[in-house]
Amino acid sequence: MLVLSSLKWPGSGTFCHSRPWRATEISLAGPGAGDCAVAMHVSFQIAADLNRAVTSAALQAGFDPAGFSAEIRTADPRHGDFQANGVLGYAKARKLNPRAVAEQLVAALAPSMEGLCDLSIAGPGFINFRLKPDVLLQWLGRYGTVEMLRSGASALHQGQRYVVDFSSPNTAKQLHVGHIRGMVIGEAICRMLAFCGASVVRDNHIGDWGTQFGKLIWGYKHLRNDEALATDPLEELERLYKAADAATKADPAVLEAARAELVKLQAGDRENLELWQRINAISSGAFTEIYRKLDIHFDHQLGESFYNDRLNPVYEELTRLGLAEISEGALVVFHPEHPRFKTQPFIIRKSDGAANYASTDLATMLYRTEHFQADAIVILTDARQSDHFEQLWLTTQKWFGMTQRRLPRFEHVSFGSILGEDGKAIKTRSGDPIRLKALLAEAEDRALTLVNEKSPELSEAERKDIAAAVGIGAVRYADLSQNRSSDYVFAWEKILSLEGNTAPYLLYAVARIHSIFRKQGIEGPTEALFANATPPETETELALARKLVGFASTLELTTQQLRPHFLCTYLYELAGAYSAFYAADKVLVDAEPVRARRLLLCARTLLVLESGLSLLGLRTLQRM
RNA sequence: GGACCCGUAGCUCAGCUGGAUAGAGCACUUGGCUUCGAACCAAGGGGUCGGGGGUUCGAGUCCCUCCGGGUCUACCA
């Protein structure tokens with residue numbers, strides 16, 4: 001249990017910003033691991049093998065196990081494929097010569113490394129590992145299908161059940177550009193976690209039970225246009241909401257009437273309940289259309305209304321436990337130990353007795369823990385809701401702790417806003433939000449112009465299909481490729497660019513590889529083509545092979561931090577390494593072993609690019 | 001007032017719980033297609049990592065402080 005002491009789990013005061021579960025470290029927990037694992041066969045996570053081997057060697061060399069951790073990192077290619085930085089800190093703490101310590105470690109390590117990699121010590125005591133070309137070849141040979149990649153990656157989150165809450169729009173409103181990040185990042189996170197062995201429950205926590213329904217129902221009853229409702233129902237609902245909202249502001253009597261409609265709804269009035277259901281159905285239909293276009297899926301759609309009859313027990317328990325108190329008529333939770341939340345309450349029931357989203361979110365935490373048996377709950381919303389989720393998590397920890405409930409991990413995956421080119425929240429000229437439907441249509445239009453220009457020889461149907469993949473992919477990739485915690489500026493020119501870290505560049509790399517296999521007269525690669533492959537030799541071959549092996553570390557990093565842009569950066573670098581290889585080393589040469597190994601590199605690049613892009617939710621193309 | 005996020009090349013951004021000479025793309029300069037898709041590749045210039053202090057063998061990364069921008073701060077979500 002050498003490194004596990006560095007793991008902090010929620011509940012010990014680290015709260016939702018803790019960074020749990022780093023798989024290379026967890027894999028150390030097996031007793032006696034390390035001696036033979038490396039030599040047997042090359043495994044998916046080579047970094048984990050190295051970690052085991054170095055840790056084992058450290059024990060053998062007589063290091064103090066409590067103070068040593070290998071600290072395996074992917075290295076700058078100039079130095080090697082991986083490096084172990086652990087001796088530096090270890091030597092410092094004991095006032096030893098770091099270089100001498102590194103030499104001791106390498107001496108103990110060398111036998112187990114035979115055949116795997118070359119070792120070197122550099123600088124003040126870095127230990128560098130450079131994988132042997134033959135090992136690269138073995139890895140490429142072994143991880144040759146999506147199933148093999150998945151099976152290799154599955155150790156990362158095996159047996160963990162994640163409930164992921166994403167998208168979660170409000171009913172009766174159109175999806176606009178502000179919704180897309182949560183949808184796209186959420187879908188990618190679900191796919192990546194599932195690929196890495198987790199059992200993922202996708203839940204669309206729809207906002208279907210808010211104060212907006214009073215106005216909406218009043219508007220529906222008094223202002224609706226049946227024709228508009230038939231042609232574009234969601235548009236009409238949105239108009240009704242706006243009109244009703246304006247009417248309540250203009251006339252106190254209308255406001256009163258709208259409140260009365262809400263009271264009737266919440267009391268179970270049959271007519272209003274039916275209306276509510278119809279409104280939800282309309283919304284749901286419109287959402288589904290966009291979800292289908294973006295290939296986004298949910299296992300459940302448990303909206304706020306689902307928790308209506310689960311709220312009272314929450315109020316009662318929290319009150320009984322002394323966590324909640326009445327303040328200014330509302331039921332609230334203060335957190336005296338917190339600099340801010342000691343005075344800023346978490347309002348879990350409004351003074352008029354109605355629920356708000358704190359009420360439902362608490363009930364939701366409980367439901368996900370008990371019903372879904374969640375090991376981890378992941379909620380995606382924009383960063384402006386950070387306070388709310390911090391309060392929710394503080395409250396949940398105390399609540400579950402005092403009632404001896406199992407506490408799952410919790411991650412609020414927050415993200416920045418999408419800005420217009422003026423640096424302010426993106427809007428249309430008239431000041432309305434840009435509708436997602438319109439945005440996606442424009443993306444496809446612009447992509448079609450490009451495709452028409454670049455590939456006029458293709459049929460119209462094919463060009464349209466390509467434009468859809470490129471356009472939607474570009475929008476999606478723009479959302480994913482940037483660090484989610486920062487705001488980003490939306491610019492068509494940038495995201496549809498063919499150069500740089502963009503979807504079109506990656507899709508082009510994929511299409512170009514397909515073309516090589518087409519040239520061979522086959523639809524896709526077959527293993528027979530690589531039977532005589534020799535280990536990579538040229539600089540560009542080696543660089544590409546190393547990059548491919550790095551897929552394993554990238555998946556670990558990406559799912560550990562729930563930041564898809566790590567995978568984007570990796571895929572971009574992989575495509576770059578491929579392009580350099582492609583320009584420098586002709587693939588279809590006469591010499592059989594050379595052709596075989598280059599075709600192998602092509603095939604595996606294709607596999608990793610297509611797998612990776614699919615994890616991000618992008619559709620790839622055979623030609624473009 | 002307080003809390004959180006952000007500040008890296010002219011512009012847009014990476015930088016993996018502190019590690020080797022801070023990296024990409026765009027733009028700019030130059031070179032490469034009668035040979036596998038040039039929607040590509042190669043090379044070059046361009047940096048007081050907002051300022052200042054501190055911790056450390058080592059700081060873009062951690063701590064303090066100041067400046068600038070954003071968000072949130074009692075019953076919307």
Side-chain angles (χ1 to χ4, degrees), chain A residues 6 8 18-19 22 71 73-76 78-79 83 85 88-89 91-92 98 122-126 128 168-170 207 210-212 304 327-332 338-341 343-352 354 356-358 360-361 381-388 390 414 416-417 419 423-424 450-451 453-455 470 481-483 485-489 491 493-494 497-502 504-505 507-509 511-516 518-520 553-554 556-558 560-561 563 565-566 568-569 572-573 576 579-584 586-589 598 602 623-624:
Chain A
S6 69
K8 287 207 170 124
S18 62
R19 289 177 167 175
R22 188 178 175 92
E71 292 184 33
R73 306 274 186 266
T74 52
D76 184 314
R78 283 172 296 196
H79 304 121
Q83 57 181 284
N85 296 345
L88 290 164
K92 182 178 87 176
F126 299 109
N128 291 325
S168 308
N170 283 336
T211 42
Q212 79 266 28
E304 290 172 344
S327 171
E328 298 179 24
L331 188 63
V332 308
H338 193 280
R340 178 148 174 219
F341 303 135
T343 52
Q344 181 185 324
F346 189 49
I347 299 172
I348 66 170
R349 191 182 58 204
K350 298 196 287 181
S351 53
D352 64 4
N356 65 3
Y357 82 145
T360 46
D361 278 354
T381 76
D382 67 80
R384 287 175 298 195
Q385 298 184 43
S386 297
D387 277 3
H388 167 77
E390 201 177 340
S414 64
S417 314
L419 308 178
K424 295 179 177 165
L450 268 174
V451 177
E453 181 190 317
K454 300 280 184 188
S455 306
V470 172
S481 59
Q482 185 158 339
N483 189 338
S485 34
S486 36
D487 296 343
Y488 87 90
V489 175
E493 193 187 310
K494 185 184 163 196
S497 163
L498 310 171
E499 288 152 352
N501 189 4
T502 63
Y505 177 82
L507 295 178
Y508 175 71
R512 207 158 57 156
I513 302 174
H514 274 295
S515 153
I516 285 195
R518 267 199 305 274
K519 191 134 186 139
Q520 297 274 291
S553 304
T554 301
E556 179 181 349
L557 181 66
T558 308
Q560 173 209 345
Q561 305 209 359
R563 290 184 186 271
H565 81 281
F566 286 123
C568 296
T569 303
Y572 173 59
E573 287 170 358
S579 289
F581 154 77
Y582 182 86
K586 187 168 167 62
V587 174
L588 300 177
V589 294
R598 290 184 181 166
C602 289
R623 49 185 114 218
M624 65 185 278

Handout entry: Those residues that, when tested against Phe341(A), pass side chain to side chain contact (heavy atoms under 4.5 Å, CB included) (two or more places apart)
Key = His335(A), His338(A), Gln344(A), Asp387(A), Glu390(A), Gln391(A), Leu394(A)
Exercise for the section: Spell out, as yes or no, whether a donor-acceptor pair under 3.5 Å connects the side chain of Ser455(A) to the backbone of Met624(A). Expected result: yes
Problem - Selection from G70(B), A39(B), A14(B) that lies nearest to any side-chain heavy atom of Gln482(A) - result: A14(B)
Completion exercise
Picking from A14(B), U35(B), G37(B), the nucleotide nearest the side-chain atoms of Lys586(A) would be U35(B)
Exercise for the section: Scan side-chain atoms only and decide if Ser417(A) and Arg384(A) contain a donor-acceptor pair under the 3.5 Å cut-off. Expected result: no
Fill in the blank from the handout: Of A39(B), C36(B), G15(B), the nucleotide closest to the side chain of Met624(A) is A39(B)
Show the distances under 3.5 angstrom between N or O atoms of the protein and N or O atoms of nucleotides 72-77 of chain B.
unit_1: C72(B); atom_1: O2'; unit_2: Asp387(A); atom_2: OD2; d: 2.9
unit_1: C72(B); atom_1: O2; unit_2: Arg340(A); atom_2: NH2; d: 3.1
unit_1: U73(B); atom_1: O4'; unit_2: Arg340(A); atom_2: NH2; d: 2.7
unit_1: U73(B); atom_1: O2'; unit_2: Gln344(A); atom_2: OE1; d: 3.1
unit_1: A74(B); atom_1: N6; unit_2: Ser327(A); atom_2: OG; d: 3.4
unit_1: A74(B); atom_1: N6; unit_2: Glu328(A); atom_2: OE2; d: 3.3
unit_1: A74(B); atom_1: N1; unit_2: Ser327(A); atom_2: OG; d: 2.8
unit_1: C75(B); atom_1: O2; unit_2: Ser351(A); atom_2: N; d: 2.7
unit_1: C75(B); atom_1: N3; unit_2: Ser351(A); atom_2: OG; d: 3.0
unit_1: C75(B); atom_1: N4; unit_2: Glu328(A); atom_2: O; d: 3.0
unit_1: C76(B); atom_1: OP2; unit_2: Lys350(A); atom_2: NZ; d: 2.9
unit_1: A77(B); atom_1: OP2; unit_2: Tyr357(A); atom_2: N; d: 3.4
unit_1: A77(B); atom_1: O3'; unit_2: Glu304(A); atom_2: OE2; d: 2.5
unit_1: A77(B); atom_1: N6; unit_2: Tyr357(A); atom_2: OH; d: 3.4

Practice task
Classify the nucleic acid contact of Asp76(A) as base, sugar-phosphate or nothing, counting any heavy atom under 4.0 Å across all strands shown.
Solution key: nothing
Exercise for the section: Searching all strands shown, indicate the nucleotide that pairs with G1(B) (Watson-Crick or G-U wobble; both distances under 3.5 Å). Expected result: U73(B)
Practice task
With a 3.5 angstrom cut-off on both distances, give the Watson-Crick or G-U wobble partner of C28(B), or none if there isn't one.
Solution key: G44(B)
Fill in the blank from the handout: Taking for Ala122(A) and for Arg78(A) the nucleotide of RNA chain B with the nearest heavy atom, the one nearer the 5' end belongs to Ala122(A)
Handout entry: Short side-chain to backbone donor-acceptor contact, Glu304(A) and Asp361(A), under 3.5 Å
Key = no
Practice task
Determine which nucleotide pairs with U35(B), using a 3.5 Å limit on both distances of a Watson-Crick or G-U wobble pair.
Solution key: none
Problem - Nearest-neighbour nucleotide for the Ala580(A) side chain, A20(B), C36(B), C41(B) considered - result: C41(B)
Exercise for the section: May I ask you to say what Phe566(A) touches in the nucleic acid, namely base, sugar-phosphate or nothing, with a heavy-atom cut-off under 4.0 Å? Expected result: sugar-phosphate
Exercise for the section: Pick base, sugar-phosphate or nothing for Ser455(A), based on heavy-atom distances below 4.0 Å to the nucleic acid. Expected result: base
Exercise for the section: Begin with the C-alpha distance, continue with both residues' side-chain angles, and end with the deciding distance and a verdict on side chain to side chain donor-acceptor pair (under 3.5 Å) for Asn85(A) and Arg73(A). Expected result: CA-CA 8 Å; Asn85(A) 296 345; Arg73(A) 306 274 186 266; over 6 Å; no
Exercise for the section: Could you pick out which residue, His565(A) or Lys519(A), lies toward the 5' side of RNA chain B when each is mapped onto its nearest nucleotide? Expected result: His565(A)
Handout entry: Pair assignment for A9(B), Watson-Crick or G-U wobble, requiring both distances under 3.5 Å
Key = none
Problem - Presence of donor-acceptor pair under 3.5 Å, side chain of Ser485(A) and base of C5(B) - result: no
Practice task
Mind checking Asn128(A) for me? I need base, sugar-phosphate or nothing, with any heavy atom below 4.0 Å counting as a touch.
Solution key: base
Fill in the blank from the handout: Checking N1-N3 plus N6-O4 or O6-N4 for Watson-Crick, or N1-O2 and O6-N3 for wobble, each under 3.5 Å, the partner of C16(B) is none
